[in-house]
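Only one structure is covered here, and it is reproduced in the block below.
Counting starts at 1 for both ligands and their atoms, following the listed order. In this chain, residues are counted from 1 in sequence order.
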Amino acid sequence: MSSKKKFCETQKCLFVILVAVAAAIAAICVVTLTDENLREKRSLEPLPWWKTSIVYQIYPRSFQDSDNDGTGDLRGIKERLGYLSDLGVGAVWLSPIFLSPMRDFGYDVRNYTDVDPLFGNMADFENLISEAKDKNLRVILDFVPNHTSNESEWFYWSERGHKKYKDYYVWNSGIECAAGCDDTGGRRPPNNWLSVFGGSAWKWSGIRQKFYYHAFLDSQPDLNLRNKNVQTELQDVLEFWLQKGVDGFRADALKFMFESPNVTDDETGLTDTFTWIEADNHNLTTNLPEVYDILKGWRAVLNKYGKDKFLIAESYGISHEIRDKYYESGSIPFNFALIQYLNKSCNALCMRDVIQDSLGGLNSNWPNFVLGNHDNSRVANRFGPETIDAFNMLLLTLPGTPTSYYGEEIGMRDTFYTYRETKDTAGLNYNETQYMEHSRDPERSPMQWDDGLNAGFSNGTPWLHVNHNYQLINVKAQKLADRSHLKVYQQLAKLRQDPAFTHNSVQFVNISDVGGNDKTILAYIRAQINSDKYLVVMNFGHQYANNVDLSKGAGSENGMVVVNAMSAYQKEMIDLKSVTLSRGQGLVIKVM
Ligand SMILES: [Ca+2]
Ligand SMILES: [Ca+2]
């Protein structure tokens, strides 16, 4: 329009303004209410399952062996679904179960739509899904889109220049080399890009007479995600499993999806010792923005099967800006802050900063927290066994979706394996004095079910031996005990169904304001409108915390302990003006 109208001449316009003013007043009221009552407006809409469920990660090799070949399998998992249901988790995420030569234990997929015989067959998978549905458990699969195994049929044909497959991977002729390149056709890699596992990311193929790019092992060639056919193939994989009834996917290694098309550019500042989980400056090989369109495409596929399908993205070392783009593209980026930034020297104040930073700027985006996984030492080893309950309490009472790693509910420990016993390539890439720093076997030891042979994991010889502590630490013993890590976990899982916990905000209690030590005590309130109000308090210090006054933060002098990681106070009224906590003790208190 060329001519400007005078500001608001019509009745319709006045009406719009009135509505806008009313809406603004209403918004101010809601904000005030939130500030005053530490509570959020509750939606009447039922929440999607992933907002109310704990996700439980199973490492299938190590969970339950059903046929005594020493390796966990799908039938084994199916046998234990009752346990998971009793535990109170809502979803299980299975690390890869697809056909694989297992150089990287399934993260090297030979065929995305086949179950590896080690884990069973398709009928076993279908039975598992069906049984999980009966028990109201969701199943999430691992999706490895960045690379396949070099034994994949796609790679076989790509290496041979087949018309359809020749551009399925990232091939390059490299640069002519004056000397010392006899094994690589007289050529050298096109640039200095490094593999995550060390050394050049380019591997010469004598068959194709070209180099191929591999961000990880050289047996894991990167797919060429710029190829539309590859994009379609991956979407077809998602559809295949969605049709089988899965509830979502955990997408692996997304920051590596795209590489710069300008392969003659070197990356600057590379060293052999960089770590890929840090927010580093690999601008040519990580975090390229093309990944967002791929994610949007996957989200569209998932939505065809229901809006509540879950898509969580592995996302080590990304900025908040990139995190938000993952959200915008229809996925939830895994939040690894509790893994990356918490350590023994991170006190309660530091933990609070880490949590607040994670929640910072999320707005309506749904938070999530992860405390452990198949790539990191167990909680008992990272922070000390006396803190197991407090850490499970933290994970299960923070806002958002928690992901628990198998065995953490009973406080399993890392297991020592000699160099000869080591199976993980990441460890075997190093020598006998260095392997322990790199091997991920210790956190992958078999689940400890009971005090019988091999902890009830297998009647055969386990692929990794069980931890020697299994007679003390096992599910059966913890079920029988009056109080155990397992029982604390169960109580927390049940409690977090309460509306006080199923929203995305948290109010920290300022301990130093009331003369307490905020380097020792971490405390926060969880509540929303019309819900009960809970105070969560944990002692992460190295000694007793005596007579901490939590009444001001809680807005009351009285509370009732509903979960207690130690023996005192259980189901008892408590004077919030004087709370005493031993090292590692955590309490959830219903404020009265
Ligand atoms: Ca087996
Ligand atoms: Ca890639």
| Parallel, tilted or perpendicular, as decided by the 30° and 60° cut-offs, for the rings of F98 and W241 | tilted

| task | Compare every heavy atom of R444 with every heavy atom of S62, then report the nearest pair and how far apart it is. | result | OG-O, 2.6 Å

| Around the Ca ion (ligand 1), what protein N, O or S atoms are found below 3.0 Å? | D65 OD1, D67 OD1, D69 OD1, T71 O, D73 OD2

| said: Ring-plane angle category for H465 and H468, please: parallel below 30°, perpendicular beyond 60°, tilted otherwise. | reply: parallel

| query | Cation over ring, R61 on W463, under 6.0 Å and within 45°? | reply | yes

| note | Heavy-atom nearest pair, V466 first then N454, reads CG1-O, 3.4 Å

| message | Salt bridge check, E159 against R208: does any charged N sit closer than 4.0 Å to a carboxylate O? | response | no

| request: Provide the closest heavy-atom pair for V246 versus K309 in the form atom of the first, atom of the second, distance. | output: O-NZ, 3.0 Å

| How far does CG of L472 sit from CD of Q478, to the nearest 0.5 angstrom? | 10.0 Å

| message | Check for me whether the distance between the ring centres of F155 and Y168 falls short of 6.0 Å. | response | no

| Using a distance threshold of 3.0 Å, what protein N/O/S atoms lie below it relative to the Ca ion (ligand 2)? | N146 OD1, D222 OD2, F256 O, M257 O, E259 OE2

